[in-house]
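First up is the structure itself, then whatever we jot down about it.
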Amino acid sequence: MKEVLLSNCERNFVNKAVQRGTRLDGRNLLEARPVKIYFGSNWGSCMVLLGQTRVIAQVTCDIQQPKTSRPNEGMLHINVELNPLAAQHFDSGRQSEFSVLISRQLEKCFQDSKCIDLESLCIIADKKVWNLRVDINIINHDGNLIDCASIATLAALSHFHRPDVTSNGEDITIHPFSEKDPLPLTLYHYPVCVSFITFESGNTVMDPTYLEERVGVAQLTLGINSYRELCSLHFNYLTKTMTVEDVISAVSTYAANYAVELVQQIKEAVVCDVEARYKKDDRNTNRFKECIAMKKLTTMNNEYISIKLRKWNEVEKLESDVDMEEKEEQKKYTIIKPGEGSAELIMDTGVSFGEGGPNTWNVSESSEEASDVEITAEIKKDIKEATKDIVLSGDSEEETTEMLETKDLI
């Protein structure tokens, strides 16, 4: 299925909002979405949530013959799969240009930067080495897949433990986890990707959503480690008016600070889960079962734009010099929150919506006026006589309405 085209109204709305320093989800321009990391039951299995974007990464290993150019080093392969579950325009069963682009960016960030000690994966030189494979599955697409995939890859590699092996020169013995404890990977540094989107107005935002990615004119992805070193760079632009030097000079400091905080969060999550596994205590760990929404169906396809009010939870204090009439007028309007990311303004008239208003003609049977209400003919006659005194205003097109009471009908 092809991707749904973006209308000009949506495009102009997002451009004007970013030009005024406002984003649809209530964030600042250089503010990222919260990151949540969950681990599976196997070593090297993790799920990362970046806002509504979800990515699952799984690290596996097998023994293969090394490359002839590097006989003393192991191998690392990264594969990204885009499922139709994440978005309707993703095709299953074949690699698209977008998946290949994400895979190459991750290989530049992790493989070309030499973050993993590949020599420690050598079993017998020029004969047997460990081959690491990172499979990344996109579960939900809400923008910035490269950042979410890099976080999942780094967390999975840090969490992965390979089996211990012994060799006598010819034979290789792979020990199960019950005999010998598994060995973690050796990482020299911890790189992550940080993405930015630049709009027509020249403003740049961090951690763009799916809608912002489609509206932006230039995209910059920086691979930065915890030592504030640049590991990779990717710049994609639609117009030549913006150069990579202009964007880097404006966002390099924010990207370095965010990368340091993100790596620290990943390290703490991995250490907490590894300690809990050896202690066999899962009370303080984040597992897959905790991120599953029970009795709830979620979907990425929305017919409306999700907008979050920035001061939603703040209570505005009324000034002391406000008149009583203005206070009563403000009480007539109430903001309700029917769901996440939406709001509705209603009038507080005391009427229950969906159930109808109160019945003002409900007279009890014991009342003396009950007999007058039941005679419909007399009521119609009195209404005509009572409406003779109603005068229409000539200055306005609206009619003056008067309410009839029970005493007027007698």
Side-chain angles (χ1 to χ4, degrees), residues 35-48 55-64 66 70 72-79 106-107 109-125 128-136 149-167 172-193 223-227 229 231 259-288:
V35 177
K36 297 180 181 180
I37 303 175
Y38 301 92
F39 295 98
S41 58
N42 299 327
W43 291 108
S45 177
C46 73
M47 176 187 292
V48 174
V55 172
I56 292 180
Q58 175 66 60
V59 180
T60 56
C61 64
D62 59 348
I63 298 177
Q64 293 185 4
R70 297 184 180 274
N72 298 328
E73 294 183 358
M75 294 177 290
L76 174 65
H77 298 282
I78 300 177
N79 180 43
L106 294 177
E107 289 177 355
C109 183
F110 292 94
Q111 188 174 5
D112 297 346
S113 65
K114 306 296 182 181
C115 71
I116 300 179
D117 184 11
L118 297 180
E119 292 183 356
S120 63
L121 301 178
C122 179
I123 302 174
I124 301 176
K128 300 295 182 180
V129 295
W130 285 107
N131 175 40
L132 299 180
R133 178 184 175 90
V134 183
D135 293 311
I136 300 173
S150 67
I151 298 172
T153 303
L154 181 59
L157 290 174
S158 303
H159 185 264
F160 179 71
H161 286 57
R162 64 174 179 84
D164 193 5
V165 296
T166 56
S167 63
I172 298 175
T173 303
I174 301 176
H175 301 280
F177 294 161
S178 59
E179 293 182 1
K180 289 188 177 182
D181 293 336
L183 302 178
L185 300 178
T186 303
L187 275 69
Y188 292 131
H189 58 92
Y190 296 81
V192 290
C193 294
I224 304 177
N225 59 13
S226 57
Y227 302 108
E229 297 174 347
C231 302
V260 173
E261 297 177 358
L262 197 57
V263 170
Q264 184 65 25
Q265 181 182 355
I266 294 173
K267 289 182 179 180
E268 293 177 356
V270 171
V271 170
C272 180
D273 186 80
V274 172
E275 292 179 353
R277 286 175 184 270
Y278 283 110
K279 295 179 181 179
K280 296 182 179 180
D281 185 10
D282 298 340
R283 291 178 296 179
N284 298 325
T285 59
N286 294 331
R287 296 298 173 86
F288 283 0

Q. Who pairs with His77 by side chain to side chain contact (heavy atoms under 4.5 Å, CB included), at least two apart in sequence or on another chain?
A. Met75, Asn131
**Q.** With Gln111 via side chain to side chain donor-acceptor pair (under 3.5 Å) - residues at least two apart
**A.** none
(Q) Walk me through whether Leu121 and Arg162 qualify under side-chain contact (heavy atoms from CB on, under 4.5 Å). (A) CA-CA 10 Å; Leu121 301 178; Arg162 64 174 179 84; 4.0 Å; yes
Q | Residue list, side chain to side chain donor-acceptor pair (under 3.5 Å) with Glu268, at least two apart or on another chain | A | Gln264
Q: For Val134, enumerate each residue passing the side chain to side chain contact (heavy atoms under 4.5 Å, CB included) test, keeping only those at least two apart in sequence or located in another chain.
A: Val59, Leu76, Ile78, Ile136, Thr153, Leu157
Q: Would you mind listing every side chain to side chain donor-acceptor pair (under 3.5 Å) that reaches into residues 114-124, with sequence neighbours excluded?
A: Asp117-Tyr188
(Q) Using the salt bridge (charged side-chain N to carboxylate O under 4.0 Å, His left out) criterion, which residues pair with Asp135? Sequence neighbours excluded. (A) Arg133
Q.
Going by the rule side chain to side chain contact (heavy atoms under 4.5 Å, CB included), which residues pair with Pro184 if we only count those two or more places apart in sequence or in a different chain?
A. His161
Q) In chain order, what residues pass the side chain to side chain donor-acceptor pair (under 3.5 Å) check against His175, with sequence neighbours excluded? A) Thr166, Glu179
Q) Just wondering, more than 12 heavy atoms not from Tyr227 lying within 6.0 Å of its OH? A) no
(Q) Test your reading of the model: is there a side-chain donor-acceptor pair from His189 to the backbone of Cys231, 3.5 Å cut-off? (A) no
Q: With sequence neighbours excluded, tell me which residues meet side chain to side chain contact (heavy atoms under 4.5 Å, CB included) with Asp164.
A: Lys180, Leu183
Q | Partners meeting side chain to side chain donor-acceptor pair (under 3.5 Å) with Gln265 (sequence neighbours left out) | A | none
